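Beneath this line is the structure, given in structure tokens, with notes to follow.
Model, not experiment: these values are computed from the prediction. Proteins come first, then strands; the chains are lettered A, B, ... in the order of their sequence lines, and each starts at number 1.
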Amino acid sequence: EAGVTQSPTHLIKTRGQQVTLRCSPISGHTSVYWYQQALGLGLQFLLWYDEGEERNRGNFPPRFSGRQFPNYSSELNVNALELEDSALYLCASSYEVNQPQHFGDGTRLSIL
Amino acid sequence: RKEVEQDPGPFNVPEGATVAFNCTYSNSASQSFFWYRQDCRKEPKLLMSVYSSGNEDGRFTAQLNRASQYISLLIRDSKLSDSATYLCVVITTGSGNTGKLIFGQGTTLQVKP
């Protein structure tokens with residue numbers, strides 16, 4: 001069974017640019033979660049999608065947005081990139097919200 | 001007060017030691033609890049779910065205390081390979097299939113030879 005896959009693996013952008021990160025959940029999982037982990041810090045919850053709808057979002061500005069497609073894959077979009085957006089962005093999926101989440105390898109985003 | 005709190009450590013223990021971590025949560029309506037392990041610069045991996053009756057998986061034992069609102073993880077006979085950051089996650093579901101997922105900041109364990 002394929003795990004959660006994320007792309008790209010690494011990304012380098014400059015301030016003010018926009019970025020789109022992609023995530024494919026484990027087959028059969030309908031919930032997708034996005035997290036930000038800055039260097040040396042804990043996981044910060046960004047967004048939760050289930051059945052194509054946003055179910056909850058963390059304390060992040062509106063320039064962080066996303067969507068979930070009918071095949072349950074998901075995109076995370078970040079506009080007007082700032083230096084502090086440099087982090088590892090992790091995607092996870094689960095069968096439903098009360099079930100364990102399984103993580104992808106993450107996308108490492110560096111802002112110059 | 002943070003919704004989920006863990007002692008960041010680090011916990012430095014010798015091989016073979018028994019070590020325990022606690023994680024406290026503030027929302028009494030929280031329903032699901034898990035422990036994850038995260039190695040440096042890697043993604044978190046599920047270690048075990050935490051059930052009300054307590055559960056064990058080899059050298060690892062997880063317990064839930066709803067009255068005091070904490071979960072614990074006990075590691076017996078520590079191995080060098082247990083060195084990692086241990087994250088607790090607390091999930092609270094609400095009406096309309098909404099929910100809140102909170103990861104603790106993690107507790108770092110260093111097992112020394």
* Centres of the A:F45 and B:F103 rings: under 6.0 Å? ->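 No, ring centres 6.0 Å or more apart.
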* **B:L87, part contacting chain A, at a heavy-atom distance under 4.5 Å** =>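 Only the side chain of B:L87 comes within 4.5 Å of chain A.
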In Å, rounded to the nearest 0.5 Å, how long is the span from [atom1] of [X] to [atom2] of [Y]?
X     : Y      : atom1 : atom2 : value
B:E43 : A:Q101 : CD    : CD    : 13.0 Å
B:F33 : A:N98  : CZ    : CG    : 10.0 Å
B:L46 : A:H102 : CG    : NE2   : 6.0 Å
B:Q38 : A:L43  : CD    : CG    : 5.5 Å

* Taking all non-hydrogen atoms of both residues into account, name the closest pair between B:R41 and A:R108 and its distance. =>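 Looking at all heavy atoms of both residues, the shortest contact is O-NH2, 3.3 Å.
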Would you kindly confirm whether [X] and [Y] end up in one hydrophobic cluster when ILVMFWY residues are joined by side chain heavy atoms under 4.5 Å apart?
X     : Y      : value
A:Y35 : A:V78  : no
B:L64 : B:F34  : no
A:I26 : A:V32  : no
B:V89 : B:L47  : no
A:L83 : A:L112 : no

* To do: Answer yes or no: are there more than 12 heavy-atom neighbours, outside A:F69 itself, under 6.0 Å from its atom CZ?
  =>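 Atom CZ in A:F69 is packed in, count exceeds 12.
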* Asked: Should the heavy atoms of other residues, nucleotides or ligands under 6.0 Å from CG of A:L39 be counted, would the total exceed 12?
  ->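 No, because the 6.0 Å sphere around CG of A:L39 holds 12 heavy atoms or fewer from other groups.
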* **Part of A:E96 within contact of chain B (heavy atom distance under 4.5 Å)** =>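 Contact with chain B involves no heavy atom of A:E96 at all.
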* Check whether A:Q37 gets within reach of chain B through its side chain, its backbone, both or neither, counting any heavy atom under 4.5 Å. =>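 Answer is side chain: those atoms of A:Q37 sit under 4.5 Å from chain B.
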* Between A:P100 and B:Y36, is any pair of side-chain heavy atoms under 4.5 Å apart? ->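 Side-chain contact under 4.5 Å: yes.
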